[in-house]
Amino acid sequence: MFLSPLGSRVHVPCALAVIIGGFAGGLSGGCGTSSDLDRAAAAITRQGVRTEIDYIASDALQGRNTPSPGLDSAAQYIIRTFTRAGLRPVAGSYMQSFTLHTVSLGDSNQLEVTTGAGTVSLALNDDYVPFEITADRAIDAELVFAGYGITAPEYHYDDYAGIDVRGKIVFVLRHEPGEDDAGSVFEGKKATQYSSVLSKMRQAREHGAVGMLVATDPLNHTSLVPRGFPWPSLSKFIPRDALPTSLAMDESEKLPVVHVWETAIRMLFGGVDSLRRLQSAIDHAVAPRSFAFRGIRVHLRTSTLVHESATQNVVGVLEGIDPLRHNELVVVGAHYDHLGVIRNAPVGTDSIYNGADDNGSGTVALLEVAKALGAMPRKPLRSILLMAFAGEEKGLYGSITYTRHPLFPLDSTVAMLNMDMVGRNEEDSLQLIGAQEGSFLMRAARAENAAIGFRLVRTSLESGGSDHESFEKQHIPVLFFHSGLHPEYHRVDDEARLISDAKIARVADLVFRTAWHVANQEDSSIHPSLKGNP
């Protein structure tokens, strides 16, 4: 008898289970013979794929926006499949719920700059615009120029070195040093995590700042117009319901943050050219030029109204049987949300983002993996968690939620396999992203592909992202299965009629076999304490 978070039962090691069961023949990737895998894979069918993709990508689900009734209907469909396949709920539920915030701009926004010449009130929308992550708060404080607002030890760069911003407002530039320089230490022209306004706000808060003014960096950008967020209340051309939705953040996590224009730049630096020269000096030396403004105070009030809503990831687990490994976990995931509908579309035009390939295809492949796992006559050594993520299109919300609030310990998670856009382009070609060639994940996929016959191409993702990135940031090995972009990407004509059910079935077969292989592999190289190794 062995007690675990997955339940209580008598566990029998794989080799012993094979002996007791009287199975003959070699094991394919661990517990279960090759013929077992082949028979289980027969549960994956083109007819099943077609039925599922026709529903998941149907007009009835209205583009599966996060949150929406259509997304909730898709969640129930996934749960029914998980249940029929014999996957168990986690902590009594097939859903991991999380909260979203929809934010609207309040009516009490104010920005005043006080210098030796007096106090000037800047105009909302003309001179400054709040960002969607801004706090509902008023502050009055001294001002400090903090360069790009970046502390990045791995790049040996720190705009906050040598300055004290505690209790003060920081003025920072957008982007990062060497934005247009292929030789920049900040990964060349590829933007790093430090370039986002959210990252800059969090770093400002960590250093003790109480507010942040943001300006577009003039060295690489000609338009300095304050955009912040395009609030509907500030424009007659933006639909009233086009409001920002984000993962729920407590007000204590936020700062008042606004995007400022040339009016503020002239008052603080004497002109745009002065700021441009200052930025050039920072970029050239890759070294900060931060300083405290003398005799300048800023009064900043940002006003917001927050509406809460709920959505969910869908989860189901196949519990492992090995006493030493059943608490270890292989995650197989795909996001099931998409972009919803086009607001105010002309009558008679297609307004629904059906998202058949992105990511109805990955969702359906996940359902087929569930069927194959349920058809196996034996349980794996390690446990396998299947996850359908919500909010990927909003910013990886579902996978970020899971890695922040994991249902199983992340340090026991040996790998994450992700499927996103797996139903288009060449029938015999499939891209593998994330794992290095020669890693245990890549070896497993290539070994199991012998039964499938794809031309596997290891590549890097040139645009966009997907939920495996949330796990990768937690140092969990990932392998992303992807069939490539196409002209219908993020368009209303990404429809089920264009999907190859045969390709999705083959992807599901490969991911099923790869997950089974990893879940049963006895190689010590994938032990959680060593999982960062190739």
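Residue pairs meeting the ring pair (Phe, Tyr, Trp, His ring centres under 6.0 Å) criterion with at least one partner in residues 91-120, sequence neighbours excluded, do not occur; the list is empty.
A salt bridge is defined here as a Lys NZ or Arg NE, NH1 or NH2 lying under 4.0 Å from an Asp or Glu carboxylate O, and Asp494 with Arg491 fails to meet this definition.
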Donor-acceptor contacts, no H, no angles, side chain residues 256-263, under 3.5 Å, sequence neighbours left out:
unit_1 : atom_1 : unit_2 : atom_2 : d
His259 : ND1    : Arg227 : N      : 3.0
His259 : ND1    : Gly228 : N      : 3.2
His259 : NE2    : Thr216 : OG1    : 3.0
Trp261 : NE1    : Leu224 : O      : 3.4
Thr263 : OG1    : Asp127 : OD1    : 2.8

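Residues meeting the ring pair (Phe, Tyr, Trp, His ring centres under 6.0 Å) test with Phe481, sequence neighbours left out: none. Every residue two or more places apart in sequence or in another chain that forms a side chain to side chain contact (heavy atoms under 4.5 Å, CB included) with Asn344 is listed here: Pro239. Annotation: salt bridge (Lys or Arg N to Asp or Glu O under 4.0 Å) contacts of Asp164 (sequence neighbours excluded): Arg166. Under the rule for a side chain to side chain contact (heavy atoms under 4.5 Å, CB included), the partners of Ala345 that lie at least two apart in sequence or sit in another chain are Ile342, Thr349, Ser351. The side chain to side chain contact (heavy atoms under 4.5 Å, CB included) check on Ala152 picks up Ile150, Glu154, Tyr155, Phe186, Tyr194, with sequence neighbours excluded. Residues passing the side chain to side chain contact (heavy atoms under 4.5 Å, CB included) test with Ser121 are Glu112, sequence neighbours excluded. Residues that satisfy the salt bridge (Lys or Arg N to Asp or Glu O under 4.0 Å) test with Arg404, not counting sequence neighbours, are absent from this structure. When the ring pair (Phe, Tyr, Trp, His ring centres under 6.0 Å) test is applied to Tyr402, the partners found at least two apart in sequence or on another chain are Phe471. A search for salt bridge (Lys or Arg N to Asp or Glu O under 4.0 Å) contacts involving Glu132 returns nothing, not counting sequence neighbours. In terms of the ring pair (Phe, Tyr, Trp, His ring centres under 6.0 Å) criterion, residue partners of His207 (sequence neighbours excluded) are, by chain and number, Tyr160.
In this structure, a donor-acceptor pair under 3.5 Å is absent between the side chains of Thr363 and Asn359. Using modelled atom types, one finds no donor on one side chain facing an acceptor on the other under 3.5 Å when comparing Gln96 with His405.
Contact annotation: the side chain of Arg297 never approaches that of Leu143 to less than 4.5 Å [non-hydrogen atoms, C-beta and beyond].
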> Checking side-chain hydrogen bond (donor to acceptor under 3.5 Å, both in side chains) for the pair Ser466/Asn418: CA distance, chi angles, key distance, verdict?
Replying inline: CA-CA 8 Å; Ser466 192; Asn418 186 37; 2.9 Å; yes
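Residues Leu479 and Ala435 share a closest heavy-atom pair of CD1-CB, 3.8 Å.
Ring geometry, Phe293 versus Phe269: the interplanar angle exceeds 60°, so the pair is classed perpendicular (tilted spans 30 to 60°).
In this structure a side-chain-to-backbone donor-acceptor pair under 3.5 Å is missing from Arg382 to Asn327.
Considering Val172, Val170, Leu300 as possible partners of Leu213, the one that fulfils the side-chain contact (heavy atoms from CB on, under 4.5 Å) test is Leu300.
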